Structures are given as structure tokens and as C-alpha cells.
Protein chains: 2
Amino acid sequence: MSDIPDIVIGRLPIYLRELKRLAHEENKLTTSSHELGKRLGISSAQIRKDLSHFGEFGKQGTGYHINYLIEKLQEILNLTHEWPVVLVGAGYLGHALANYAGFQPRGFSIKWVFDSDPSKIGGTVAGLNIQSVNELKSTIARENVKMAIIAVPVSVVQAITDTLVESGVKAILNYVPVHLNVPEDVQVSYSDPVTQMQRMTFYLE
Amino acid sequence: MSDIPDIVIGRLPIYLRELKRLAHEENKLTTSSHELGKRLGISSAQIRKDLSHFGEFGKQGTGYHINYLIEKLQEILNLTHEWPVVLVGAGYLGHALANYAGFQPRGFSIKWVFDSDPSKIGGTVAGLNIQSVNELKSTIARENVKMAIIAVPVSVVQAITDTLVESGVKAILNYVPVHLNVPEDVQVSYSDPVTQMQRMTFYLE
DNA sequence: TAGATTGTTAATCGATTAACAATC
DNA sequence: TAGATTGTTAATCGATTAACAATC
């Protein structure tokens with residue numbers, strides 16, 4: 001479908017994040033690949049190369065107009081509308097995610113929370129009613145939800161994933177330390193603090 | 001120092017995780033690069049190549065003895081002792097991390113929690129006393145802590161990082177959506193749900 | 001022995017970087 | 001104009017894969 005390397009796509013949100021910081025917190029209007037790269041620990045050549053996959057957004061001599069580049073990156077990443085998100089799992093991590101203020105300003109909104117624990121169902125997280133996972137499928141289908149975040153026990157994560165996929169979800173952020181089996185057209189992103197820590201201990205004594 | 005590619009190091013914890021599952025939940029004694037790869041969505045050639053950087057752990061015809069390979073990977077990754085970890089930030093995410101049961105069985109233990117909010121200091125998280133960040137430096141130095149997890153507001157994350165580094169921390173897991181500036185000998189790993197989600201929306205319509 | 005699977009090589013594939021003409 | 005910085009090319013660097021001899 002797209003012949004742009006996934007590793008390039010992965011850097012665009014980082015560029016976007018820093019550009020917004022430059023614009024909103026430092027009131028800058030323009031920047032250069034050199035300045036951006038220095039702030040992010042990425043070479044200026046790589047930034048220019050990455051951006052060149054999508055068009056010519058800069059001007060020789062002056063660099064990039066920050067707001068224009070933000071606009072373009074948001075278009076490229078399909079962030080021109082807000083994505084409604086389903087959260088599965090209302091444990092400690094689920095609570096943290098549901099209450100996280102960082103989603104909304106960057107294009108996402110957790111709109112539904114599900115759990116299988118009867119003692120949690122009917123309760124509230126971040127102003128959202130905790131629903132039974134039995135209603136997961138019908139909600140996703142009815143609301144045409146495409147994105148989900150999973151924070152459930154290891155033992156049920158593949159079954160939950162299967163339900164999400166059957167219901168039409170196409171992108172999953174998985175906080176459970178397990179590889180998920182999904183069809184080719186479903187994106188999965190992983191977050192496991194322990195694998196990240198174990199990668200770092202290699203370099204320690 | 002080490003001429004083994006970081007991308008290889010990053011896969012070892014994934015192998016370790018799956019091997020433990022094979023051993024402990026499926027009571028298997030041996031596996032092959034093919035079986036392991038199939039479960040993880042990684043080619044068998046890559047697994048063999050990765051492992052070959054560190055020695056010859058398998059046997060032709062039979063594959064790998066799981067417990068032996070687990071042992072070896074733990075040695076390679078410096079997981080032969082438990083790493084004590086400092087947590088900075090006692091918000092929702094800090095609570096989730098402090099209460100996460102997945103650290104201990106995989107080599108880590110959050111032993112201290114710090115915050116700057118006077119209304120939180122003196123309180124308790126997961127049985128740990130919440131201390132003032134003013135005590136961060138002395139605690140790290142005294143206890144010789146090498147690893148930290150950061151879950152604080154954007155505005156203070158670089159200052160906290162500087163304190164951690166000055167105090168002797170050599171590995172940081174950063175949950176704050178900001179690139180950190182650290183010396184070369186300090187490892188940093190990032191976790192930002194939004195950049196992960198934004199990478200996936202590229203592939204959605 | 002026959003089948004299975006390793007560790008390793010060489011080939012392929014892909015990503016990064018250095019350099020610079022173009023041009024604002 | 002002179003200085004700065006882009007977008008792009010070609011070279012370099014690095015990672016993955018296919019294939020297979022070795023051998024359990």
C-alpha cells in the first residue's frame with residue numbers, strides 16, 4: 001500500500017511533538033532541520049530525508065514554518081479529526097490511561113471503558129461508566145471504533161484481542177507483555193516497561 | 001564498548017519473556033528458533049543470528065533447552081540479581097507502576113517513590129512512603145541506585161533527570177513525552193502512548 | 001540411519017550519512 | 001550580495017534473509 005518505511009512513520013510523531021512545543025511553549029515561528037535534530041538527538045539529514053518522502057515543506061535559507069509543518073504532519077498522520085478510543089481494563093493502569101490529560105490535545109479521546117470484573121462494572125473511571133466486556137463487540141460495531149488500548153491480565157489478552165479484531169478495531173496499543181496474533185491489516189503497538197528496563201540493564205554493570 | 005547492535009539487545013528481552021512462558025505455563029523443556037519465531041512474529045534466522053552473537057546455546061536436531069537459554073539470556077542482560085528502582089512521580093501512572101506485579105518476577109523492584117507535591121509527600125503508594133524530591137539525591141547516592149522511572153509533569157522532567165544523573169543513575173525509563181538530554185553513558189528508554197497511537201493512525205483511513 | 005535444526009556465510013535488502021547544487 | 005538551509009544524490013553503513021554444511 002504505502003512504500004514509506006515504517007521507521008520513518010515512527011519518527012513523524014516525535015517531530016510533531018517537538019514542533020508543537022516550539023510553537024506553543026517557545027513561541028517560535030520557524031525552525032531548521034538542524035535545530036530540530038539537535039533537540040531530538042537525530043541528524044538533520046535524517047529529518048530532511050524523512051520529510052522529503054511526503055513533499056517539500058521547507059525553504060532554503062530559512063528552514064520550516066513551524067505551524068505549516070505541524071499542519072502537514074497532522075494530515076500525513078491522519079490526525080485531522082479526533083480518534084475515539086476504547087479502553088479495555090480498568091485496573092491501576094486503566095485508571096491512569098483514562099485520566100491521562102495528554103490524549104485529547106494530541107488527537108485521541110478514550111470514550112468507553114470495559115472490564116470483566118463484576119465488582120468494577122457499573123463503577124466509574126475518569127467520568128466514564130465501566131461496562132462489561134460482554135458489550136465490547138456491540139459498542140465497537142455500533143460506534144465504528146477503530147482504536148483500542150488494552151490493559152488486562154495476560155490470561156485473557158488474546159481473547160480480548162480477537163473480539164476487538166472481529167468487531168472492526170484496526171489499531172491496538174497493548175500494555176500486556178504478550179505478543180498478539182492479529183490479521184495483517186491490524187496495527188499493534190506494544191508497551192512493556194520490563195522489556196525496556198531489561199534492554200538497559202545490558203549496558204549496566 | 002560492546003559491538004553488538006542495540007537492536008539485537010532489544011530483542012533479547014522478548015525472547016526471554018516468551019521462553020519463560022514456554023517453560024512456566026506450557027511446561028516445555030525444549031524449543032526451536034522456528035517455534036519461538038512463529039510465536040513472536042520474528043524469522044527463525046534472525047533469532048539464531050541474534051543468539052549467535054553471544055555463544056552457541058542450541059543443538060542441531062533438537063533446538064534449545066529452554067531453561068538453559070533462559071539462564072544464559074539473564075546472564076547476558078545482567079539479570080542475575082534484582083535491580084532496585086527509584087520511581088519519581090506519584091500520580092495515576094506512578095500508582096499503576098508502583099503497584100505493578102510484573103516487575104519483581106522479571107528482575108526489578110521499585111523501592112522508593114518521590115514526588116514534589118506537599119499534599120502527597122508523607123502518603124503511601126503500594127506500601128511505600130512517598131518522599132520529597134528534595135531527598136532524591138541523597139537516597140540515590142546512599143543506596144547506590146542505578147535505575148529510575150520518571151512519571152512527572154513535562155515542566156520538571158529535565159530538572160529531575162539532571163538530578164538523577166548527578167546522583168549516579170545510569171538508566172531511565174521516561175514516561176514523559178519529552179526527549180531527555182543526558183550524558184552518553186546514561187541509557188534512556190521512552191514510553192509515550194500518543195506517539196505510538198499516532199504512528200498507527202498513519203495506516204488507518 | 002533419516003529427519004531436524006543449529007550456527008554461519010554470502011547475498012540481499014534497507015537505512016543513514018555526507019556532501020553539495022539550488023535557492024531563499 | 002553573503003550566509004543559511006533545503007532537498008536530493010551517491011556512498012556508506014548496518015540489518016535481515018536464504019541457504020546449507022555440520023551434526024545431534
Side-chain angles (χ1 to χ4, degrees), chain A residues 1-15 18-19 22 28-73 76 179 184 199 202-203, chain B residues 1-15 18-19 22 28-73 76 179 184 199 202-203:
Chain A
M1 179 193 109
S2 169
D3 64 346
I4 292 159
D6 182 63
I7 198 160
V8 172
I9 306 303
R11 281 189 293 261
L12 301 185
I14 306 287
Y15 301 159
E18 196 64 25
L19 288 164
L22 281 163
K28 290 211 166 199
L29 293 177
T30 61
T31 189
S32 65
S33 59
H34 181 78
E35 180 180 50
L36 197 55
K38 204 169 173 208
R39 284 167 162 264
L40 296 174
I42 294 175
S43 80
S44 62
Q46 181 155 86
I47 291 175
R48 293 197 303 278
K49 189 98 211 287
D50 285 352
L51 296 176
S52 75
H53 283 101
F54 304 96
E56 307 189 358
F57 306 127
K59 279 203 177 64
Q60 287 100 326
T62 57
Y64 302 90
H65 189 290
I66 293 175
N67 282 328
Y68 178 73
L69 188 50
I70 287 173
E71 204 58 45
K72 287 295 164 188
L73 287 173
I76 293 163
H179 175 83
E184 265 202 351
R199 178 186 203 143
F202 174 81
Y203 299 98
Chain B
M1 182 194 108
S2 169
D3 65 345
I4 293 159
D6 182 62
I7 198 161
V8 172
I9 306 303
R11 282 189 294 260
L12 300 186
I14 306 286
Y15 300 160
E18 196 64 24
L19 288 164
L22 281 162
K28 289 212 168 200
L29 293 176
T30 61
T31 189
S32 64
S33 59
H34 181 80
E35 181 180 48
L36 198 55
K38 203 167 174 209
R39 285 167 160 262
L40 295 173
I42 294 175
S43 80
S44 62
Q46 181 155 84
I47 291 174
R48 294 197 302 279
K49 189 99 211 288
D50 286 352
L51 295 177
S52 75
H53 283 102
F54 305 96
E56 305 190 358
F57 305 127
K59 279 203 178 65
Q60 288 101 325
T62 59
Y64 302 90
H65 189 289
I66 293 174
N67 282 327
Y68 177 73
L69 189 50
I70 288 173
E71 203 60 44
K72 287 295 164 188
L73 287 173
I76 292 162
H179 175 82
E184 264 202 352
R199 178 185 203 142
F202 174 81
Y203 299 99

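Chain naming here is simple, since letters A, B, ... match the order of the sequence lines and numbering starts at 1 in each. Computed from a predicted structure; not experimentally measured.
In this structure, CZ on B/Arg48 lies 8.0 Å from OG on B/Ser43, to the nearest 0.5 angstrom. One distance of note links CG of B/Leu12 with CD1 of B/Ile7; it measures 11.5 Å at 0.5 Å rounding. Atom OH in B/Tyr64 sits 7.5 Å away from atom CG in B/Leu69 (nearest 0.5 Å). Of the inter-residue distances, the one linking B/Glu35 atom CD with B/Glu18 atom CD reads 9.0 Å to the nearest 0.5 angstrom. With values rounded to the nearest 0.5 angstrom, A/Ile42 atom CD1 is found 7.5 Å from A/Leu36 atom CG.
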Under 4.0 Å protein heavy-atom contacts per nucleotide of nucleotides 2-14 of chain D, with B for base, S for backbone only and - for none: --BBBBBB-----
Which donor-acceptor pairs under 3.5 Å do side chains of residues 50-58 of chain A form with protein atoms, sequence neighbours excluded?
from, atom 1, to, atom 2, distance (Å)
A/Asp50, OD1, A/Arg11, NH2, 3.1
A/Asp50, OD2, A/Arg11, NE, 2.6
A/Asp50, OD2, A/Arg11, NH2, 3.3
A/Asp50, OD2, A/Tyr15, OH, 2.6
A/Ser52, OG, A/Lys49, O, 2.7
A/His53, ND1, A/Lys49, O, 3.2
A/His53, ND1, A/Asp50, O, 3.2

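Note on A/Ser43: a side-chain N or O is less than 4.0 Å away from OP1 or OP2 of C/dT17.
Listed here is the closest heavy atom pair of A/Leu22 and A/Ile66: CB-CD1, 3.8 Å.
DNA chain C forms stems at C:3-24 with D:3-24, each a run of 3 or more consecutive Watson-Crick or G-U wobble pairs whose two key distances fall under 3.5 Å.
Taking atom CD1 of A/Ile4 as the reference point, atom P of C/dT16 lies 14 Å away to the nearest angstrom. Regarding A/Asp6, its CG atom lies at a distance of 16 Å from the C1' atom of D/dT16, rounded to whole Å. A straight line from CD of A/Gln46 to P of C/dA18 spans 11 Å, rounded to a whole angstrom.
Residue-environment remark: NE2 (B/His34) stays at or below the threshold of 12 foreign heavy atoms within 6.0 Å.
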